[in-house]
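Everything below concerns the one structure shown next.
Bear in mind the structure is a predicted one, so any value in this text is a computation, not a measurement.
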Amino acid sequence: MKNNLFLSLAMIGALACSAHADIIDVSGPLSSAGVSAAIVSAPADMRDDAAYNWAQQGFNEVQNFVLTQNIAVDDGMILAGTRINSHMIFLNSGANGESIRVTHNDVTWSFDGEVLGVMGDRNGELEALTNDLLGAEGTIYQDGKLKYRGLEGRDDYEVLGNQLTIDMTVTEPGDWVRVITLAGDPMDGMTPNPEPGTIALFGAALAAGWAVRRRRVKA
C-alpha cells in the first residue's frame, strides 16, 4: 500500500513538473568570440550592461500563464485567454558601455511547446510593453524601449514548430528577444489549451497552415 501511494505521488509530481514548458535544448556553432550558446537561470538584472555574455543565452520567464490581455508579437497578436510560456534570448557583449562586436548565427533553440510568436522589434518596444506581465519573477528589466535593443541589420530568425533559429550580431547595445510558446493545462497532461477561444496569429498565413515562419530584419 505504501509503495502504491509513493508511486501515485511520484506520478502526480511528474505531471506537475511537465506543466512547466522550458527551453529544452540549444545547438549551433560557436560565436565569433569562441563561446557556445547556453541555457541559463534568469539573471537578477537584465538592463543594458547589467547582464552580458559572449554567446547567445536563453532563460525561462513566466510559465503556464493564461494571458489576461492581448499581446502583440512581430507578426500579429496572441489573444487573451491563451495559455502560454515566455522565454528570453539575449546577446549583450561587454559591460559599462563597451562597444565590442560579436556575431552568433545559426543558433537553434528548442522549446517544450510550439512557438506562437517572437518579440524582436528593432527598439524592443514589444518586449518593454510586456515585461511586467511576462518577465521572470525577481528580474529587473529595461524600463521602456531602448534604441536598437531588438533585432536589426543582419539579424534574422526562423520559426519551425517548437524551434527558433536565430542570427544575432551586436555591438552596443545588445539584442534581447522574447519568445512566446504554447503551454498546456496542468490538469490534462499538457494538452494545448487556448482559453477561452482561438489564437489570433499571423493572419491568413496561419489559417493556410504554413509550418515555417521566417523574418528578415531590414537595416
Just verifying a value: how many Å separate N123 CG and L151 CG, rounded to the nearest 0.5 Å? 11.0 Å

Applying salt bridge (Lys or Arg N to Asp or Glu O under 4.0 Å) to D45 and not counting sequence neighbours gives R47

Working to the nearest 0.5 Å, report the span between CD1 of I23 and CG of N162. 12.0 Å

So does T103 get a backbone contact from the side chain of S32, meaning a donor-acceptor N/O pair under 3.5 Å? yes

For residues L126 and M119, report the shortest heavy-atom separation together with the two atoms involved. O-SD, 3.6 Å

Donor on one side chain, acceptor on other, R101 and T169, under 3.5 Å: no

Spacing of CD belonging to Q57 relative to CD1 belonging to I39, to within rounding of 0.5 Å: 11.0 Å

Say whether E61 and Y141, considering side chains only, have a donor N or O and an acceptor N or O under 3.5 Å apart. yes

What closest approach, in Å, do L91 and W54 show between heavy atoms, and which atom pair accounts for it? CD1-C, 4.0 Å

Answer whether the closest heavy-atom distance between the side chains of Y157 and V118 falls below 4.5 Å. yes

Do the ring centers of F59 and H87 come within less than 6.0 Å of each other? no

Does the side chain of N131 come under 3.5 Å of the side chain of R178 through a donor N or O and an acceptor N or O? yes

Verify the distance criterion only: is there a donor paired with an acceptor across the side chains of S110 and Q163 at less than 3.5 Å? yes

Atom CZ of F65 and atom CD1 of I180: how far apart are they, to the nearest 0.5 Å? 10.5 Å

T108 versus S27, side-chain donor and acceptor atoms under 3.5 Å: no

Rounded distance (nearest 0.5 Å) linking atom CG of D25 with atom CG of D112: 12.0 Å

How far does CG of D121 sit from CD of E127, to the nearest 0.5 angstrom? 8.5 Å

